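One structure below.
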Amino acid sequence: QVQLVESGGGLVQAGGPLRLACAASGGPFSYYVMGWFRQAPGKEREFVAAIRWSGGNTYYGESVKGRFTISRDLAKNTVAMQMNRLKPEDTAVYYCAARRGWSDPGAVGTYEYWGQGTQVTVSS
């Protein structure tokens, strides 16, 4: 059974950086894509970024392109997301997710496994 555990959320001032991590177990993950999603109060869950476990191909949501970077550590089975130049509108609960296959990595409904989420709050 795949399990995902997020860490690294917190409170940060606008313009600052924050790094999230997701520890994955229950692999192997050779045919998986790992994604980050977020959900703000009263809003739908939104795609943020995804990375293909084998090969490292990345894909980003439009609102975070150029500010966020997703990466994975094959030895540690972790996925990280470096978030720079944070904005108040980035405030949300951030979720790590995983599924098999690479097609349409931004489709929230296609992910099989989810972490419990970590809160990110950006103050203005």
Side-chain angles (χ1 to χ4, degrees):
Q1 180 74 7
V2 173
Q3 291 189 327
L4 306 170
V5 179
E6 302 97 335
S7 60
L11 174 64
V12 63
Q13 287 190 333
L18 200 62
R19 185 176 178 87
L20 302 182
C22 173
S25 60
F29 300 107
S30 302
Y31 301 103
Y32 276 69
V33 59
M34 314 297 280
W36 284 99
F37 293 80
R38 65 187 182 187
Q39 189 165 20
K43 294 188 177 182
E44 294 187 351
R45 195 162 293 190
E46 175 191 16
F47 169 71
V48 178
I51 187 165
R52 194 171 188 173
W53 194 260
S54 297
N57 310 67
T58 57
Y59 183 58
Y60 294 93
E62 286 298 322
S63 62
V64 306
K65 277 184 180 178
R67 299 190 298 124
F68 291 12
T69 303
I70 189 172
S71 61
R72 87 268 192 253
D73 186 322
L74 299 179
K76 296 181 179 179
N77 272 6
T78 58
V79 177
M81 186 163 68
Q82 179 66 40
M83 305 186 293
N84 295 327
R85 292 182 280 134
L86 282 161
K87 305 174 182 180
E89 51 263 45
D90 294 318
T91 295
V93 177
Y94 283 70
Y95 297 91
C96 179
R99 59 153 236 233
R100 296 174 183 85
W102 178 241
S103 62
D104 200 8
V108 59
T110 63
Y111 282 77
E112 301 171 72
Y113 305 101
W114 293 85
Q116 80 287 353
T118 186
Q119 176 70 46
V120 172
T121 302
V122 184
S123 63
S124 56

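All figures in this text were calculated on a predicted structure; none of them were measured in a lab. Excluded from the calculations below are hydrogen atoms, water molecules and symmetry mates; all remaining heavy atoms, backbone and side chain alike, are included. Count residues from 1 along the sequence.
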For the side chain of Thr121 and the backbone of Thr91, is there at least one donor-acceptor N/O pair under 3.5 Å apart?
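No.
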
Determine yes or no for a side-chain-to-main-chain donor-acceptor pair under 3.5 angstrom, with Thr118 supplying the side chain and Ser7 the backbone.
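Such a contact is absent between Thr118 side chain and Ser7 backbone.
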
Locate the shortest heavy-atom distance separating [X] from [Y]; write the atom from each residue and the value.
X	Y	answer
Val120	Leu20	CG2-CD2, 4.0 Å
Val122	Gln13	CG1-C, 4.0 Å
Leu4	Ala98	CD1-N, 3.8 Å
Ala23	Thr78	CA-CG2, 4.2 Å
Arg72	Arg52	NE-O, 3.6 Å
Ala24	Met34	CB-CE, 4.0 Å

Hey, what do you get for [atom1] ([X]) to [atom2] ([Y]), rounding to the nearest 0.5 Å?
X	Y	atom1	atom2	answer
Glu6	Gln119	CD	CD	12.0 Å
Cys22	Asp73	SG	CG	12.5 Å
Leu18	Leu11	CG	CG	9.5 Å
Ser124	Lys87	OG	NZ	14.0 Å
Tyr60	Thr69	OH	OG1	4.5 Å

Would you say the side chain of [Y] lies within less than 4.5 Å of the side chain of [X], judging by non-hydrogen atoms?
X	Y	value
Cys96	Trp36	yes
Tyr95	Val48	no
Leu86	Phe68	yes

Inter- and intrachain pairs under salt bridge (charged side-chain N to carboxylate O under 4.0 Å, His left out), touching residues 23-45, at least two apart
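For residues 23-45, and leaving out neighbouring residues, the salt bridge (charged side-chain N to carboxylate O under 4.0 Å, His left out) pairs sorted by first residue read Arg38-Glu46, Arg38-Asp90.
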
Would [X] end up clustered with [Y] when hydrophobic side chains under 4.5 Å apart are linked, directly or stepwise?
X	Y	result
Ile70	Tyr31	no
Val93	Val108	yes
Ile51	Val33	no
Tyr113	Val5	no

Give me each pair satisfying side chain to side chain donor-acceptor pair (under 3.5 Å) with a member in residues 99-111, each pair once, sequence neighbours excluded.
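Residue pairs with at least one partner in residues 99-111: Tyr32-Arg100, Arg99-Thr110, Arg100-Glu112.
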
Classify the ring geometry between Phe37 and Phe47 as parallel (under 30°), tilted (30 to 60°) or perpendicular (over 60°).
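Taking Phe47 first and then Phe37, their aromatic rings stand perpendicular (interplane angle over 60°).
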
Would you find more than 12 non-hydrogen atoms of other residues, nucleotides or ligands less than 6.0 Å from Glu89 atom CD?
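Yes - once you tally the heavy atoms of other residues, nucleotides and ligands closer than 6.0 Å, there are more than 12.
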
Taking everything shown except Tyr59 itself, do over 12 heavy atoms lie less than 6.0 Å from its OH?
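Incorrect, the count does not exceed 12.
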
